[in-house]
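Below, chain A is the first sequence line, B the second, and so on; all start at residue 1. Only this structure's heavy atoms are used, side chains among them; waters, hydrogens and symmetry mates stay out.
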Amino acid sequence: MNAIQIKMREVAGQLLSLGEVDRVIGWEKGRFAHQSPPAFITDETKVERLIWDEYCLTGTAKYLLDDPYRAGKTGLFARGCDARAINRLIQDGQVKRENIVIIGICCTGMSDSVSRQMAAKCCDCTHPTPVVYDLMIGEPVKPVAKPERFKAVAELEQKAAQEKSEYWTRQFAKCIRCYACRNICPACNCRECFADQYRVGWLGKQHHTAENQVFGLTRAYHIADRCIECGECARVCPVGIPLMELNRKLIKDIQQLFGDYHAGVDSETAPPLGRYSLDDMEEFM
Amino acid sequence: MALMTEANWEPKVLAFCCNWCSYSGADLVGLNRMKYPENVRIVRVPCSARVNPQFIIRAFQRGADGVLVAGCHPGDCHYSTGNYYTRRRFLVMKRLLEFIGIESQRFQARWISGAEAVKFRDTVTKLCEDIKALGPQRKLRDQK
Amino acid sequence: MHILAKANLIEAIERLVKEFKVLVPMQYDGVSRFSVWGSHGMQAFNASNTLLPPKDSLFPRTETLYAYQVANQEITGVTVRDQAEHQIIFGIRPCDMQSIHCLDDVFLTKGYADSYYHSKREKLLTVCIGCTKSEPTCFCESMGINPAGHSGADIQMNDLGSGYRVVAQSQSGQEIVEKWKDLLSQGQEEVVAASCTLKVDMNGVPEMLATLFEHSLWQEVSRKCIGCGTCTYLCPTCHCFDMDIQNQGNQGTRFRCWDSCMFSDYSRMAGGHDPRPSKSERLRNRFLHKLQFFSERYGKSLCVGCGRCLIKCPVHVDITLLIDQVRKEAAHV
Amino acid sequence: MRRIGVFICHCGSNIAATVDCAKVAEAARGFPGVVYSADYKYMCSEPGQEFIKAAIAQEDLNAIVVASCTPRMHELTFRKTLANGGLNPYLFEMANLREQCSWVHTDKEKATVKAIDLVKMAAAKANKNEELTSSTMPVHKKALVIGAGIAGMQAALDIADAGHQVVLVEREPTIGGKMPMLDKTFPTMDCSACISTPKMVEVAQHPNIELLAYAEVTEVKGFIGSFTVQIRQKAKYVDHDKCTGCGLCETKCPSKVPNEYDLGLGQRACIYKPFAQAVPNKPVIDPLHCRKLVDNKCGLCAKVCPTGAVNYQDAERLFTDTFGAIVMATGYDLYPWEEIYGEYGYGRFPDVITGLQFERMVNASGPTGGKLKRPSDGQEPKSVVFIKCVGSREPAKAKGYCSRACCMYTAKHAHQVLDKIPDAAVYVFYMDVRAAGKAYDEFYEATLKDGAVYLRGRVSKIYQEGSKLIVKGEDSLLGRPVQVTADLVVLATAMIPSQGSRELAQTVGFLPDLDGWYQEAHPKLRPVETPTAGVFLAGACQGPKDIPDTVAQAGAAAAKVCGLLSKSQLETNPMTARSNPAICSGCGLCVAVCPYKAIQLISLADRDRYGKRINRTVADVNHGLCQGCGACTVTCRSGAIDLQGFKNNQILEEVDALWR
Amino acid sequence: MKYAYYPGCSLDATGIEYDIANKLVARTLGIELVEIPDWNCCGATSAHTTNHLLALALPARNLAIAEAHGFEQVAVPCAACFARCKKTAAAVQASPDLQVQISEVIGMTYAAKSEILSYLDVIGKKTGLDHIKKHVVQPLTGLKIAAYYGCLLVRPVDITQSDDPENPMVMDRLLQVIGAEPIAWDYKTECCGASQVVPVPQLGKKLIHDILKNAASYGADAIATACPLCMLNLDMRQKQINAMFGTQFHIPVFHFTELMALSFGYSAQDFGLAKHFESAESLLERMIGGKGA
């Protein structure tokens, strides 16, 4: 693992000292061994803080949105999911490609900070190697089709309506409306989220199961054709709601209905729900 | 409200109808004095592409027992491409609603032209019968 | 000294259920919280603490304040919804017990008592169980709290292995001990007190913070924060709320619900001005409220060291690390 | 909260029969925002409308709900009533109690419950209605007609006669299009030049028409009422002001090249008029073949020119102008049969020609002076075979549609051969004869009587045997193969959109159909309009058609343009989308779904959260183009773009009202 | 290049000289032809006029054997067999349940994966023209030849997928490479009457007459074909045509591989030139100095 870490520090040091970027976003150690939160390094003497271990779980791309109009360029360490997140942000017009120096890292999967096993999102990862980068660290690997990642969805689909209804009602009863799933998601880059627009009345502020479900369903539909399957929403949810099952259900349907489409793999192909085809499946005749 | 007590529960079905085709199709049912159950309430929208899937979630949350989205046949849209987007959006939304436990009969999307009065009447009548069989919709209901 | 054998625990609780709504630590679907005795889930007495704090028994997530009627453009009837029931939080930990005291300061002192909180607080009894082991994230000792127990609880129990030592610390606590008379036995076992592995030096911190308002450390710490509400909604002492109307046409209800100072629209004013425009101001505000403002106003820290925010913060913002950094920065300001 | 007045109509007994209108009115009084409610026998009648106006004044109402028939019937009527009553017409909602309640239900009690719900929905929406005013857009009283064939000329003349300015743009050096190439026109057999050249002259002399021949449209911006168009006129190398059209230069020019106008049957000089009666009747120089321009030799034409009009340094000129309306009249071309039809020899046999080449030969001003000759040896053909549907009705390898005019012009050609060559034998291989116009079938019958032999069947092969062409086919009525020895074979080739018409459609901003013909807004109800407001269609560019239909369509398009240009301002539909820059994140998803390209991303000067000046991208809706379909409002996740009159909160209120 | 080789009944009997010539050409060009073991008749016209399933099963069996032996490409010299095999492959690819049915009938699985090529395509398309030119030792200079394709090699277009149905050029290019002069005549793809010449002689013979007449009108010294039945009709029946129409046609007809063999230096005896009805000796003598005689 530390071969990558040494390379990361070397590259970050160069970029900062040459002034190519005025900050680098990577990961650093937290207080405990299983914590490697994002790190923001602004001067080359501090690159020693950068680390690469099995707990670098948080996505780095969405931090580009914190101050979208800052002048300087950002050096961004990007694993497979971060690269797709960058494509996502570029395609949504929130970030300009020329403002980022992408340092791709061929990721081999991270560990869950509680179970210490391979994190769920990494088991299901199809594009471990970054799809867009300026320079690359590690051995590139071809994308892996992992159809079994839809297994949980397929099982749930077979269940009776009542059972599915109870399952999701119970899950969303746990929701504490902390909006961590929305704030970590690279596909959620609205300037003002529908959940915050109380005057329009999309969503009540009350914390109870019905409003939680409306928020969960609406957010799932909003990112249906743009979710890059980075799995962060499910990871950061403090009460463990299986949000990726909702997203995977939509992704599976969209791929079956409108042909193979992987969000964020390139920044040209428009998301399927924003286009149409004359010979789309006809179910409403 | 008499309708709301569970004993003599009468289903309430919401229908979003596009102004140029299905709304005028619904009018034509009236002109021909054809009959269908009283449970349907029609909301007029300029085009089926105006119907936001969030309206459907909202209807079920407030207590709708069934929802219908009706638009022009693909190719006939007054705004040329509106219903192509409607088709994609509700192919996906229909499956999501089923996935969270709303019975498939409760949400229907249909292409109904301005001349297809019979098709509108039959669609609505069948929808109401299915919903009566299924019973009241509890799924996303607000805690009262 | 009274001993309640673990075997009699269920019976003891059953006796309270008649008069009180007993809340016990329960675990289901991966979430531990204080739920009504007998509801769905597994008891979690031996867990160190619940994920969700007990505060929602006193300060509910969503609470209807009053209902109103409207007739031809005027409000005709307003009925206040303020019925509280007798509750017992059974198995509260000393840190959460201290958090209730913090909430008492906010809602009941300084010249205004919140009636909704007050009516619930009057009818609340607390049975505190001391901690026998601490989590790596616990640092209540550093916050001046004794993991073994808390004087503010009505009854203080300590786990002795086969049973619990029971000490009544208030009149109503004594009444409960009376009810358990036949279940109690006598014994002299020593209480084994847990101690926190995570230490942080709190003294002088409020004063240090007063000098660091403009310091750049707030940008540093807040860069990785994603502005979600996890820390505030898991924190036992956070007490911010928002109010809105649920309009039902001719009638409706006014309710209050939890809000988080970390949200981007929390302090946005009409016209779009926001005194705390970015997350660095917001994070600074939360830490200063926890560690400085509250102690300046009420003389005690608003952080009780329960460690919940350390566990669940998606990006591991750590209040203890911050305190260490504050000490370092204050040294040479 | 609004002060709403609810008016329940009995519609005689149509509603009152199955809905207790008084009960609905009484219930309506309890709805939020409703301060006045009444029921009346005929709301849409004169007294009904007066009743509303009176109520507005007395009760100080600021929103009206009328529960009567379908809004598709009387929405406009009641909007006018509000306007007369001093209220903004868009503070108004209708509940459809007739077509969608009383007429479709029988149980009065349930129908009344439903009626109350429908009124409650309307009132809930009315509560959130806002005052909308339609803005206006300037209309430049000038029309642009692209293509100066018979369609373009007729449209230009009709618009100009109505007193409007017209700019007529034509790509070729002369106007007139295909019609002057023809000899006779069916069914009256009057000479084509005699009825088209006068129109060309009329166009050239019309005070309101500015003719730009030898020019192409290169760029079109803007929208209905103000299209900004850039036109590029190619270099003519002849100053048409000085030139008198004497034609001396044409006779002197040494280098001859095949004349495109004669489809390769005739020659022309490098300084040339496509044909004698060309308009403008002045030559242009062919830059590709003129020796002077290519390798700086010769220069004879400049020497002989009496007025010194020749200028070898001439350059192309750019014009930019603003127009209120555009008429597309780009016409058709013939299908390149040589690429596909191996059975007819892939174009190897010179005596296999197209209908247009036949026209050029029989045309008196044509290359053969009206004499029918075999291109191979110039002999007069004694046996002529016509083959119809070459490329048309051939979905397998060419075009699936019928090109409409070939049955008639083939009958005409057969008639002309029998006229010009008394002892000639004429055979026509056909599938069907489609002669549906006025006096068309009679014309076909006459041709049969003249002795044309119609053989029902397709030709399977043509090959050369000596100087003759052997045409092998089948007579499906006799069920026998047939072989004809022919001197000349004329193919009735399919019509296709003119070359470059697809790119031009993209430039102007509308879509051609799958075959490349311009897509009309509605095949039956709006045949001369395109979905893009302000762009109209005339003639064969919209689909194959003959001259009578073309002229009729040109007149229709002109009428539409005159309707548009008669107003100095265009009232825009106020119920259009509007984007809120405060919420818009500039993601651009809405831009792609708008069928009218009415949304574009613009740069907005703004301040970031610390007050620093920044520029950020937001969506901006052009109210002239937006037709109010609302597709963008659903694509916009944050609801920044909303449709006025059908806003998100209005529809949510309507939905919520049902379950309050 | 290695091909499964399906000779078919004609090349085993009446068209034997075509088979020999094919093998000589293959040997020279280094193409390995492996005859499909235990092949059966493809059914030709008689099968598909009697039973549709049989007409598909017969060729399917041959192709299944070829597939079983791992051949990705099958060379089919006879035009009729080529058409039948192509039709079978297309039908099976189009419908999975037909594939199951046929596999049951022939007792083997037939996956319709292998590529079916006429021998003309094998030589004319798959082996490069310059590779062929290297082996031409005796170019047939001055020999004006009418390349005759017939119908089954080029029609129906979507099944044969080989050349332009109206004006094919594969054989013309081959003839050019071996030094001959292909003529641009009109009857390249007109039908030779095939088996109809027997039951409906006046029609069949007329068709053959027209072909010969058109070839003669362009001064063809010989006609080249790539189908044993066309060869038979054009070569064997010239005497009957002359008798019937009073014409004097004596145009030798060759299989295109016979001409190629000659250009590669083989002598007439090496392949059955003597078996031709219209004697070709006089022509060859004139052309290549009598070496072949």
Side-chain angles (χ1 to χ4, degrees), chain A residues 153-154 156-157 159-169 171-173 194 200-204 206 208-222 224-225 245-254 256-258 271-285, chain B residues 22 48-49 52-63 68-75 77 80-112 116 119 123 134-135 137-144:
Chain A
V153 166
L156 192 53
E157 273 173 341
K159 293 211 171 95
Q162 188 53 26
E163 219 178 318
K164 286 188 273 192
S165 162
E166 270 151 21
Y167 176 75
W168 286 111
T169 306
Q171 291 300 341
F172 279 105
F194 76 96
V200 176
W202 286 115
L203 188 70
Q206 308 90 321
H208 56 59
T209 313
E211 297 294 349
N212 300 349
Q213 258 181 327
V214 169
F215 170 70
L217 282 179
T218 307
R219 198 184 87 79
Y221 181 78
H222 278 177
D225 59 339
E245 267 180 35
L246 270 183
N247 299 340
R248 288 252 155 77
K249 162 66 180 171
L250 288 158
I251 289 167
K252 179 168 87 69
D253 288 343
I254 286 176
Q256 264 163 5
L257 289 166
F258 312 126
L273 288 182
R275 344 183 216 111
Y276 64 87
S277 142
L278 294 185
D279 37 37
D280 275 341
M281 193 172 89
E282 191 47 78
E283 223 178 64
F284 304 141
M285 230 4 133
Chain B
S22 36
S48 56
N52 193 329
Q54 286 167 243
F55 297 154
I56 315 301
I57 298 175
R58 174 53 143 272
F60 282 127
Q61 180 194 2
R62 289 291 185 262
L68 167 71
V69 172
C72 307
H73 286 261
C77 176
S80 70
T81 57
N83 48 15
Y84 296 137
Y85 294 109
T86 314
R87 178 163 57 184
R88 281 209 165 183
R89 289 170 187 159
F90 285 103
L91 278 173
V92 173
M93 193 61 193
K94 187 169 161 51
R95 286 160 173 71
L96 178 63
L97 291 172
E98 273 160 53
F99 189 66
I100 61 155
I102 293 189
E103 299 86 345
S104 62
Q105 300 89 327
R106 287 194 188 276
F107 172 75
Q108 296 295 335
R110 272 296 172 285
W111 309 131
I112 302 173
E116 291 172 315
K119 181 171 181 183
T123 307
L134 281 173
Q137 188 275 121
R138 279 281 153 274
K139 176 64 195 145
L140 290 167
R141 272 293 180 77
D142 286 345
Q143 274 76 352
K144 270 287 169 297

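With a 4.5 angstrom heavy-atom cutoff, A:Phe194 touches chain B only via side-chain atoms. Within the 4.5 angstrom heavy-atom criterion, only side-chain atoms of B:Arg58, from C-beta onward, approach chain A.
Minimum heavy-atom separation, A:Leu273 to B:Tyr85: O-CD2, 4.0 Å.
In this pair, B:Trp111 and A:Phe284 present their aromatic rings perpendicular. The plane angle is above 60°, beyond the 30 to 60° band.
The existence of a salt bridge linking A:Lys164 and B:Glu98 is excluded, since no basic side-chain nitrogen approaches an acidic carboxylate oxygen closer than 4.0 Å.
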Apply side-chain contact (heavy atoms from CB on, under 4.5 Å) to residues A:Glu283 and B:Arg87 and explain how you reach the verdict.
CA-CA 8 Å; A:Glu283 223 178 64; B:Arg87 178 163 57 184; over 6 Å; no
Yes or no on side-chain contact (heavy atoms from CB on, under 4.5 Å) for A:Ile254 and B:Arg88, after CA distance, side-chain angles and deciding distance?
CA-CA 9 Å; A:Ile254 286 176; B:Arg88 281 209 165 183; over 6 Å; no
Kindly indicate, with the supporting measurements, whether the criterion side-chain contact (heavy atoms from CB on, under 4.5 Å) is fulfilled by B:Gln61 and A:Gln213.
CA-CA 9 Å; B:Gln61 180 194 2; A:Gln213 258 181 327; over 6 Å; no
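Note: A:Leu250 CG to B:Leu96 CG = 5.0 Å, rounded to the nearest 0.5 Å. Taking CZ from A:Phe215 and CD1 from B:Ile57, the interatomic distance works out to 11.5 Å, rounded to the nearest 0.5 Å. The CG atom of A:Leu246 sits 6.5 Å away from atom CZ of B:Phe99, with the distance rounded to the nearest 0.5 Å.
Looking only at side-chain heavy atoms (C-beta outward), B:Gln54 and A:Tyr221 stay at 4.5 Å or farther from each other. A heavy-atom distance below 4.5 Å is found between the side chains of B:Val92 and A:Phe258.
Take A:Glu245 and apply the salt bridge (Lys or Arg N to Asp or Glu O under 4.0 Å) test, not counting sequence neighbours, and it matches no residue. For A:Glu157, the salt bridge (Lys or Arg N to Asp or Glu O under 4.0 Å) test picks out A:Lys249, A:Lys252, with sequence neighbours left out.
Of all the listed residues (B:Ile102, B:Asn52, B:Leu91), the one sharing the greatest number of non-hydrogen pairs under 4.5 Å with chain A is B:Leu91. For the options B:Thr81, B:Leu97, B:Ile100, heavy-atom pairs under 4.5 Å to chain A are most numerous at B:Ile100. Per-residue counts of heavy-atom pairs under 4.5 Å with chain B were compared for A:Thr218, A:Asp225, A:Leu203, A:Asp280; the largest is that of A:Asp280.
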